[in-house]
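Here is the structure we will look at, set down as structure tokens.
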Amino acid sequence: MSQVELGRRMGYSDTAISFIERVNRLPTPKFAVKADEVFETGGTFVELYRRIKNTALLEGFEEFADCEAKCRKLRSFETGVIPGLFQTPEYAAALAAAAVRRGSITQDQADERVAFLAARQQRVLERRKPPLIYTVMDETCITRVVGGPEVMGPQLDHLVELSARPNITMRVAPLSLGELNPFVFPVFLLYLPDRSLVGYTETHARGYLERAPATCAGWERDYDQLPVESLSTVASLRVIRTVRRGYE
């Protein structure tokens with residue numbers, strides 16, 4: 001592919017392409033996303049861009065994302081927000097924009113977060129053989145309004161659509177679960193191709209990838225109780241649809 005043709009397909013001038021190739025100018029997040037589209041590289045350019053920039057991601061999240069991209073099974077518990085893999089671009093952008101308004105990140109970092117999430121979703125959800133995904137969401141994930149009705153309505157529709165995929169199981173943990181909910185922070189259990197189990201959790205400050213077998217086994221044991229105590233898949237979808245009707 002010639003430089004002129006590449007520039008045409010990516011929406012950039014051949015001069016701009018040349019500057020980036022010669023490292024006279026750094027690429028932007030949008031450039032990385034477009035490069036992945038043109039070359040069909042499944043998020044590789046976004047990943048490379050993120051690694052050469054001062055990332056807006058939590059410390060420890062990069063290693064987690066690498067494990068997530070190759071896991072065979074993923075079990076997760078999320079509190080407060082819709083799980084990243086299930087977020088619409090508008091929902092993710094609303095969260096990032098709020099962080100900019102608080103002064104926590106810059107607009108460039110917000111753009112990076114949204115672009116990285118899109119690449120992450122593609123690497124996990126759209127790969128040839130996607131992993132089995134079992135997600136339990138705290139009820140506040142569904143009821144917390146992010147971005148207003150115009151964002152929440154389509155977001156809840158998206159959850160319903162994803163729940164129809166044969167590899168995805170969603171459940172809602174009601175607030176009435178109270179102290180029976182074993183987790184305070186988000187928790188992920190990643191089952192890798194070599195049959196090893198890796199855990200991940202995070203605080204507001206950083207992420208923690210856990211490889212110690214005894215610790216991961218403890219998390220796994222606690223997680224096993226969540227589907228038992230949470231709503232059934234049918235009841236969970238009923239809750240999501242009920243909340244969705246409130247935005248009509």
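Small disclaimer: the values here were computed from a predicted structure and weren't measured. One is the number of the first residue; the rest follow in order along the sequence.
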- Query: Is any side-chain heavy atom of Met152 closer than 4.5 Å to a side-chain heavy atom of Leu156?
  - Reply: yes
- Message: Does Glu40, at its CD atom, have more than 12 non-hydrogen atoms belonging to other residues, nucleotides or ligands within less than 6.0 Å?
- Response: no
- Task: Compare every heavy atom of Ala99 with every heavy atom of Arg113, then report the nearest pair and how far apart it is.
- Result: NH1-CB, 4.1 Å
- Side-chain donor-acceptor contact under 3.5 Å, Asp108 with Thr106: no
- Under a 4.5 Å cut-off applied to non-hydrogen side-chain atoms, are Arg123 and Asp66 in contact? yes
- Query: Are Cys141 and Val81 side-chain neighbours, meaning at least one heavy-atom pair lies under 4.5 Å?
  - Reply: no
- Message: Can you confirm whether Leu117 sits close enough to Leu85 that some side-chain heavy atom of one is under 4.5 Å from a side-chain heavy atom of the other?
- Response: no
- Task: Check whether any side-chain heavy atom of Glu112 lies under 4.5 Å from a side-chain heavy atom of Ile105, and answer yes or no.
- Result: no
- dist Leu209:CG -> Glu68:CD (nearest 0.5 Å) comes out at 11.5 Å
- Met170 side chain reached by Leu159 side chain, heavy atoms, under 4.5 Å: yes
- Message: Hydrophobic cluster membership, with links at side-chain heavy-atom distances under 4.5 Å among I/L/V/M/F/W/Y: are Leu226 and Ile240 in one?
- Response: no
- Task: Scan residues 148-172 for pairs that pass salt bridge (Lys or Arg N to Asp or Glu O under 4.0 Å), counting only residues two or more places apart or in two chains.
- Result: Glu126-Arg165, Asp157-Arg244
- Task: Please report the closest heavy-atom contact between Arg241 and Val160, naming both atoms and the distance.
- Result: NH2-CG1, 3.5 Å
- Mind checking the CH2-CG spacing from Trp219 to Asp224? Nearest 0.5 Å is all I need. 14.5 Å
Just list the side-chain donor-acceptor pairs under 3.5 Å for residues 172-191, sequence neighbours left out, or say none.
| residue | atom | partner | partner atom | Å |
| --- | --- | --- | --- | --- |
| Asn181 | OD1 | Phe183 | N | 3.0 |
| Tyr191 | OH | Arg75 | NH1 | 3.1 |
| Tyr191 | OH | Glu220 | OE2 | 2.7 |

- Here the gap from Leu162 atom CG to Ile133 atom CD1, rounded to the nearest 0.5 Å, amounts to 8.5 Å
- Is there a path of hydrophobic side-chain contacts, each under 4.5 Å between heavy atoms of I, L, V, M, F, W or Y residues, that connects Ile168 with Leu231? yes
- Query: Which atom names give the shortest non-hydrogen contact between Ser230 and Val136, and what distance separates them?
  - Reply: OG-CG1, 3.6 Å
- Message: Under the rule for salt bridge (Lys or Arg N to Asp or Glu O under 4.0 Å), what residues qualify as partners of Glu248, not counting sequence neighbours?
- Response: none
